Amino acid sequence: MEKVLRLASANDVVIFSKSSCCLCYAVNILFQEIGVRPSVNELDNDPDGREMEKCLMRMGCSAVPAVFIGGTLIGSTNEVMSLHLKGQLIPKLKSYEQNATS
Amino acid sequence: MLQESMNYPSTQFATSRQMGIYEPFRQVGVWRETFSGGYGSNIGASTIAEVDSGQENKIGFGSHESMGPSGNDQESNRSADKVQRRLEQNREAARKSRMRKKAYVQQLETSRLKLAQLELELDRTRKQVAYGGSSFGGSHMGYNGIVNSGITTFELEYGHWVEEQHRQNNELRKALQEHATEIELRLLVEGGLNHYATLFRMKADAAKADIFYLLSGIWRTSVERYFHWIGGFRPSELLNIIEPQLEPLTDPQPLDFYNLRQSSQQAEDALSQGMDKLQQTLAKTLEADQIWSGETYGSQMAAAFEKFEALESFVSQADHLRQQTLQQMSRILTTHQAARGLLALGEYFERLRALSSLWAARPREPTESYAF
């Protein structure tokens, strides 16, 4: 659990994914398109991967990718897409940036 | 011809003789002329043919009668034989003629039935082309003959969905023309959005039944299929179709619309790249050097199936994107603009469907091979 939270806060945008997951790849691409470089943690290449996966599920994210912005769990692909179309994704990123710098 | 000479007097006999189709009649005619005063005047060619057995004795009697005065026994016997032979030939020909007629009539009957069947099928096909469905009949069968009831259900429901869409488009058009109230338009817009939501639910079920069916776009018309993107229409295309209908846009609409356009385009690009990656990795899985045999087959198959399931996720995300674009669009716009937008969208798809069926029905050059 701590590992998840620690990793989740390591960067503005953190994605927990699996190496074979192409949807995770798509979400990564989306962030890059809006000018952000997310950190990616591949659960299947992590020795604690299983535990972390269970932890993420308890937190409410049942599938990869699990996306954190500013250490807060946003959700999976659905949530990220919805936020972006509503025009709320970039403001969220910006607000974290501002918080981080201030 | 048999009918023609049925009730005519014997003077018509000459006609059938001139036709020369049935030789025996000619012979009979010749026979009749030779032995004048022979038989009753109301005998026609057909009468001989159809009632031959009944008349047989009479003819025989008649000829015998007419032979009477003319000559000695030997001669009359030979003539009688000739007569008998000719009568036999006549009967035989008549019988053959009846058989031919029967066969011809049967052929006509069969052709008539076949024509009726073909007309029915053509009508059905036309309807299916118009409604965008492209497989035939009740059950959907893969080429291996396995019936997929989930897909069959989808095809049926999609047919109804298109019909309902058409009806809703008409209602929207009428409401806009007749300057309906804000409330009425709002109801229609909500109905339209809900109708699309229904489609996405149907597609989700179909994706579970057969993702490749959904991806192929075979359930849509040919032109729609050409523009297919991950199992449906492009969200960015949706906005392109709607935008001209929205003039005039008032602040903050232009900016909101621009942002929506941009974000949906970015999301589209991201999903497209993800799909490409999936296709690449799937290809690698299937092309793998190691032979798919024995111990490795199970795990390789599992890896492939995992990728197939990932396709479901992508289609689900694409549909989600489509739905979100619609929802956001209706939030940005006024009721009136949203109504116009939905109508424009509906008419756009109707146009594609109409073009598809016209294209399918266009006159084509007959394909001929010329031997040079």
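Predicted model, so just to flag it, every value in this text is computed and none were measured. Numbered from 1 within each chain, the chains take letters A, B, ... in sequence-line order.
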> Heavy-atom distance under 4.5 Å to chain A: side chain of A310(B), backbone, both or neither?
Replying inline: neither
>> Counting neighbours of CD on E2(A) that are heavy atoms of other residues, nucleotides or ligands and sit closer than 6.0 Å, is the number greater than 12?
In response: no
> Do any of residues 327-340 of chain B come closer than 4.5 Å to chain A, heavy atom to heavy atom, and if so which ones, in number order?
Replying inline: Q328(B), R331(B)
> chain A: which of P235(B), S263(B), S272(B) shares the most heavy-atom pairs with it under 4.5 Å?
Replying inline: S263(B)
> Tell me, side chain or backbone of T325(B) under 4.5 Å from chain A's heavy atoms, or both, or neither?
Replying inline: both
> Hey, which residues of residues 248-262 of chain B are touching chain A, say heavy atoms under 4.5 Å apart?
Replying inline: L260(B)
>> Using a 4.5 Å heavy-atom cutoff, which residues in residues 45-78 of chain A come close to chain B?
In response: T77(A), N78(A)
>> Can you list everything that forms a side chain to side chain donor-acceptor pair (under 3.5 Å) with E190(B)? Sequence neighbours excluded, please.
In response: R186(B)
>> Please check if the number of heavy atoms outside Q88(A) that lie under 6.0 Å from its CD is greater than 12.
In response: yes
> Between Q266(B) and H84(A), which heavy-atom pair has the shortest distance, and what is it?
Replying inline: OE1-NE2, 2.7 Å
> Any side-chain heavy atom of L271(B) within less than 4.5 Å of one from M81(A)?
Replying inline: yes
>> Testing the basics here: between G274(B) and Y25(A), what is the closest heavy-atom pair and its distance to 0.1 Å?
In response: CA-CD2, 4.0 Å
>> Surrounding NZ of K92(A) (heavy atoms of other residues, nucleotides or ligands, distance under 6.0 Å), is the total greater than 12?
In response: no
> Got a sec: does the CZ of F212(B) have more than 12 other heavy atoms crowding it under 6.0 Å?
Replying inline: yes
> To the nearest 0.5 Å, how far apart are CG in L83(A) and CD in Q324(B)?
Replying inline: 9.5 Å
>> Pair Q32(A), Q273(B) - check side-chain contact (heavy atoms from CB on, under 4.5 Å), show working.
In response: CA-CA 12 Å; Q32(A) 287 178 41; Q273(B) 291 189 50; over 6 Å; no
> Heavy-atom distance under 4.5 Å to chain A: side chain of T281(B), backbone, both or neither?
Replying inline: side chain
>> Taking atom CZ as the centre, does R37(A) end up with more than 12 heavy-atom neighbours from other residues, nucleotides or ligands that are less than 6.0 angstrom away?
In response: no
> K277(B), K307(B), E306(B): which one forms the most heavy-atom pairs within less than 4.5 Å of chain A?
Replying inline: K277(B)
>> Only pairs of heavy atoms separated by less than 4.5 Å count here; which of L85(A), I29(A), L30(A) has the most with chain B?
In response: L85(A)
